[in-house]
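All heavy atoms count here, side chains included; hydrogens, waters and symmetry mates do not. A note on names: the letters A, B, ... follow the listed sequences, proteins ahead of strands, and every chain is numbered from 1.
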Amino acid sequence: MVRTRIAPSPTGFAHIGTIYQVLFDYAYAKKNKGAFILRLEDTDRARFVEGAEEVVYDALDWFGLTEDESPRKPGKFGPYRQSERLELYKKYAQELVTKGHAYYCICTKERLDEVRTRQQKEGTPPKYDKHCLTIQEEVKEAVSKGASHVIRLNVPSGQDIVCHDEIRGDIVFSSDILDDQVLMKSDGFPTYHLAVVVDDHLMKISHVVRGEEWIPSMPKHVLLYQFFGWEIPHFYHTALLRNPDKSKLAKRHGHTSVSWYKEQGFLPEAILNFLAHMGWSHPEEKEVFSLDEFISVLELRDMRAAGPIFDLAKLEWMNGEYIRLMSAELLADKLFDFYEGKYKRDFISKTIPLIQQRIKTLKEYDDYCSTLAEPPVGNLDLSSSFSLVSGATIEALSSLENWKADEIGATMQAVAEKAGVKNSDYFMDMRKAILGKKITPPLNESLELIGQPGTVSRLKNSEETTQ
RNA sequence: GGUCCCAUCGUCUAGUGGCCUAGGACACCGGGCUUUCAUCCCGGCAACACGGGUUCGACUCCCGUUGGGAUCACCA
């Protein structure tokens, strides 16, 4: 049984990099008829944020990557919030202490800082000096009397720890560089390292897909698995998404928030398709493919280890592809929802044929259609020849009987010809006079949509403002 | 700095020793279509970081150099 998981800490922020992990977790689980689990790593009370869980759920739902088990969808392996599993961690930490693989520590922050600065001066790796281990009986007595304490991992010296990554192969670490990591904090909460190992084991996680920033702490996890005598899941450390300057995709450089992509009018399907190209490629080198197809051809071990740069230009292209491939009906629905009532559903439907080949994001709809819905305001930047043809155009259009795009076009063309004005100049002026922009949807169809009275009144207004 | 990871066009990538004069996509630059902008079609520019090996033969294997990245908390 394949069971994958995503284990975000609820910070009130949905990171696009998390979705990247989820995509592979979800797809691999589905491919193997397994389960995709969402576990909340809320062990850091200092970072608790109200409503943060919903942010995670909303993001998963928006992308259609809904989990099989989670706090909101309890399965057999709950609870799915680490804060509700405290007794479990305590029990397993005790087990390690009993076996001698962990020990109590009552060192103060001051002493820890002192040790660290001394090591920095000496140029030795900064790690705990096992002071409390040497006086463990004393420490235990203090703990039993209620002294504030943590539990540390007792890292053996002189051992090679082999960490197997399915993408890179074996990575060997010397245990001598490892710190006696805190397992249980003084507030009774576990640290990530203990919790992740205990939970992945108890929740029967078979494949772990996580970012490569976790590689340095993997030996600690392997050590824990060995101490507990548990089977180690398959690890896939994926390359980190990068900013154009190659640094880890982070808030201060690039756009990391799912909400940003949503606001920019990107479609979840397009984002997923784009993300699927990061570190992985379709076996037939296809560019555009559905989530279902991705699921059927995905092979996790084909992932590349090099860190890809997140290229917005390609995402935009991909998004445009999805918009063009979409049914008119669906696109209209998406636009209507995106603009939350700013545009009438009926108006949007009528504009679809005019803009579907033009917009790359839902947000660009505004650029084309805002002045189609409402007359433009401000400087129209018309050429001097406009005044020569405006009167005749108004007259011709006012008397047009069949207000259809091709008729409108023919009528205007006749005016231009009669006045001896170049088509391109004439129509550009009309475009600017009626729609207020140089870049617009096709003019004739736009005018049909605006209607005869609307068009004529817009022309009259433009005529006045230019005089 | 220590440890670890990584290295093909500007970007995403194909390539698992001969099929490579290195393929595709985005971007970019031309051209066609066209009353704007797009779509669409045609064409172009552009890469195996460097140095040693191994081999009859290296983009592909090994070592080193350089470069980039990650990580070194009672955060995850």
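Using a 4.0 Å cut-off between a side-chain N of Lys or Arg and a carboxylate O of Asp or Glu, A:Glu41 and A:Arg39 qualify as a salt bridge. Using a cutoff of 4.0 Å between basic side-chain nitrogens and carboxylate oxygens, A:Asp165 and A:Arg168 are scored as salt-bridged. A salt bridge does not link A:Lys404 with A:Glu407: none of the charged nitrogens is closer than 4.0 Å to a carboxylate oxygen.
Among the atoms of the strands shown, only primed sugar atoms or phosphate atoms (P, OP1, OP2) are found under 4.0 Å from some heavy atom of A:Glu212. A:Arg168 comes within 4.0 angstrom of the backbone, heavy atoms only, and of no base. Across all strands, A:Thr440 comes closer than 4.0 Å to base atoms (heavy-atom distances). As judged by a 4.0 angstrom heavy-atom cut-off over every strand, A:Ser174 is placed among residues making no nucleic acid contact. Counting any heavy atom pair closer than 4.0 Å across all strands shown, A:Ser186 reaches a base atom. Nucleic acid contact class of A:Gly279 (heavy atoms, under 4.0 Å, all strands): sugar-phosphate only. Using a 4.0 Å heavy-atom criterion, one finds that A:Lys438 contacts the bases of the nucleic acid, with or without backbone contacts as well. A:Pro442 comes within 4.0 angstrom of a nucleotide base, judged by non-hydrogen atoms across all strands. If you check every strand for non-hydrogen atoms under 4.0 Å, A:Met184 touches nothing. Note on A:Val150: a base of the nucleic acid sits closer than 4.0 angstrom, heavy atoms only. The residue A:Phe310 sits apart from the nucleic acid: no heavy atom pair falls under 4.0 Å.
Side-chain to base pairing of A:Arg304 with B:U13: no donor and acceptor N or O lie closer than 3.5 Å to each other. A:Asn444 contributes a side-chain N or O that forms a donor-acceptor pair with the base of B:U35 under 3.5 Å. Looking at A:Lys360, its side chain has no donor and acceptor atom pair within 3.5 Å of the base of B:A38. Looking at A:Glu285, its side chain comes within 3.5 Å of the base of B:G23 through a donor and an acceptor atom.
At whole-Å resolution of the value, NZ in A:Lys314 and P in B:C9 are 14 Å apart. Counting to the nearest Å, the C1' atom of B:A25 and the CG atom of A:Leu315 are 14 Å from each other. As rounded to whole Å, 11 Å separates atom P of B:U39 from atom CD of A:Glu364.
When distances are taken from the side chain of A:Glu213 to each of B:U11, B:U3, B:A70, the shortest belongs to B:A70.
Because its NZ or CZ atom is not both nearer than 6.0 Å to the ring centre of A:Phe36 and within 45° of the ring axis, A:Arg5 does not count as a cation-pi partner of that residue.
For the OP1/OP2 pair of B:U11 and a distance below 4.0 Å, the side-chain nitrogens and oxygens of A:Arg242 include no atom meeting the criterion. Between A:Lys185 and B:A76, a side-chain N or O to OP1/OP2 separation shorter than 4.0 Å is present.
Between A:Tyr343 atom OH and A:Asp366 atom CG the span is 3.5 Å, to the nearest 0.5 Å. A distance of 11.5 Å separates CZ of A:Arg358 from CZ of A:Arg324, quoted to the nearest 0.5 Å.
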